[in-house]
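Some notes on the structure that comes next.
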Amino acid sequence: MRWLPTRAALVVAALCLLGGCATAGTDAVEQGSEFTFVSPGGQTRIFYPPGERQRLTGLSGDSLLEEGRRIGLDDFRGQVVVLNVWGSWCGPCRAEADDLQAVQDKTGAQGVRVLGIDVRDSRSAASDFHRDRGLTYPSIFDPSGRSLLALKNYPRSAVPSTIILDRQHRVAAVFLTEMLESELLPEVRKVAAEPAG
């Protein structure tokens with residue numbers, strides 16, 4: 001019973017913060033400048049050209065492997081970030097983990113970072129999975145999926161899913177499906193090669 005009011009309060013607070021409720025007058029955030037997810041026609045692979053991208057802000061959470069430490073997008077300023085929503089319980093997530101690690105290994109020198117968001121999981125199962133696979137990229141431990149509130153209208157049930165953010169942390173691509181290295185790597189390299197703006 002206590003879950004519903006707490007959940008509602010979190011949603012209202014997140015919408016208020018993301019919608020610019022705390023600012024007044026002409027200094028408010030320009031409408032449409034922050035990312036709001038829309039899947040035209042139910043597409044599972046969506047690409048945003050640079051002129052149409054919206055910025056993602058406020059995404060952070062507790063580190064999976066370093067309990068008590070917060071990590072988030074602010075830790076990766078000026079870097080391309082590949083967000084991956086996953087869970088150790090999810091078969092496709094388990095299958096794509098090595099592909100994500102390969103993308104990290106092959107593009108890290110270009111200023112690319114993979115950042116996982118572990119949802120609906122236990123810390124011990126997720127940590128064991130992370131270590132057993134030898135994954136070197138960090139993950140946010142977020143069993144309730146609260147960090148995903150930063151992705152307005154994003155379907156939190158879409159696991160696995162991967163989002164490529166450009167160096168300004170604007171959403172360049174969304175994949176609501178398992179991704180292989182052969183599919184993801186070219187898209188990440190394209191975004192990493194864009195002129196810094």
Flag the pair [X] / [Y] as yes when at least one side-chain heavy-atom distance between them is below 4.5 Å, and no otherwise.
X	Y	answer
Gln101	Glu181	no
Arg55	Val171	no
Ile140	Asp62	no
Pro50	Glu194	yes
Thr57	His169	no
Cys90	Pro160	yes
Arg167	Arg77	no
Leu59	Leu149	no

Tell me, please, which residues at least two apart from [X] pass salt bridge (Lys or Arg N to Asp or Glu O under 4.0 Å).
X	result
Arg189	none
Arg69	Glu66
Arg170	Asp166
Glu187	Lys190

Ion pair Arg123/Glu67, N-O distance below 4.0 Å: yes
If you take all heavy atoms of [X] and [Y], which pair is closest and at what distance?
X	Y	value
Pro138	His130	C-NE2, 4.5 Å
Ala158	Leu176	CB-CD2, 3.9 Å
Cys93	Val159	SG-CG1, 3.6 Å
Ala173	Tyr48	N-CD1, 4.1 Å
Asp121	Pro143	O-CB, 3.6 Å

Interatomic spacing from [atom1] in [X] to [atom2] in [Y] - rounded to 0.5 Å:
X	Y	atom1	atom2	answer
Ile71	Ser60	CD1	OG	9.0 Å
Asp132	Arg94	CG	CZ	8.5 Å
Lys152	Leu56	NZ	CG	10.0 Å
Phe76	Arg113	CZ	CZ	5.0 Å
Gln79	Leu73	CD	CG	11.0 Å
Ser147	Ile117	OG	CD1	4.5 Å

Trace of the side chain to side chain contact (heavy atoms under 4.5 Å, CB included) decision for Trp89 with Ser122: CA-CA 9 Å; Trp89 47 267; Ser122 74; over 6 Å; no
Counterpart residues, side-chain hydrogen bond (donor to acceptor under 3.5 Å, both in side chains), relative to Thr36 (two or more places apart): none
Side-chain donor-acceptor contact under 3.5 Å, Asn84 with Thr162: yes
Co-members of Phe175 in a cluster of I, L, V, M, F, W and Y side chains, linked at under 4.5 Å: Phe47, Leu64, Leu65, Val80, Val82, Trp86, Leu100, Val103, Val112, Val114, Phe129, Leu135, Tyr137, Phe141, Ile164, Met179, Leu184, Leu185, Val188, Val191
Any donor-acceptor pair under 3.5 Å from Thr107 side chain to Gln110 backbone: no
Side chain to side chain contact (heavy atoms under 4.5 Å, CB included) between Arg53 and Gln168, worked out: CA-CA 10 Å; Arg53 293 178 189 165; Gln168 298 164 37; over 6 Å; no
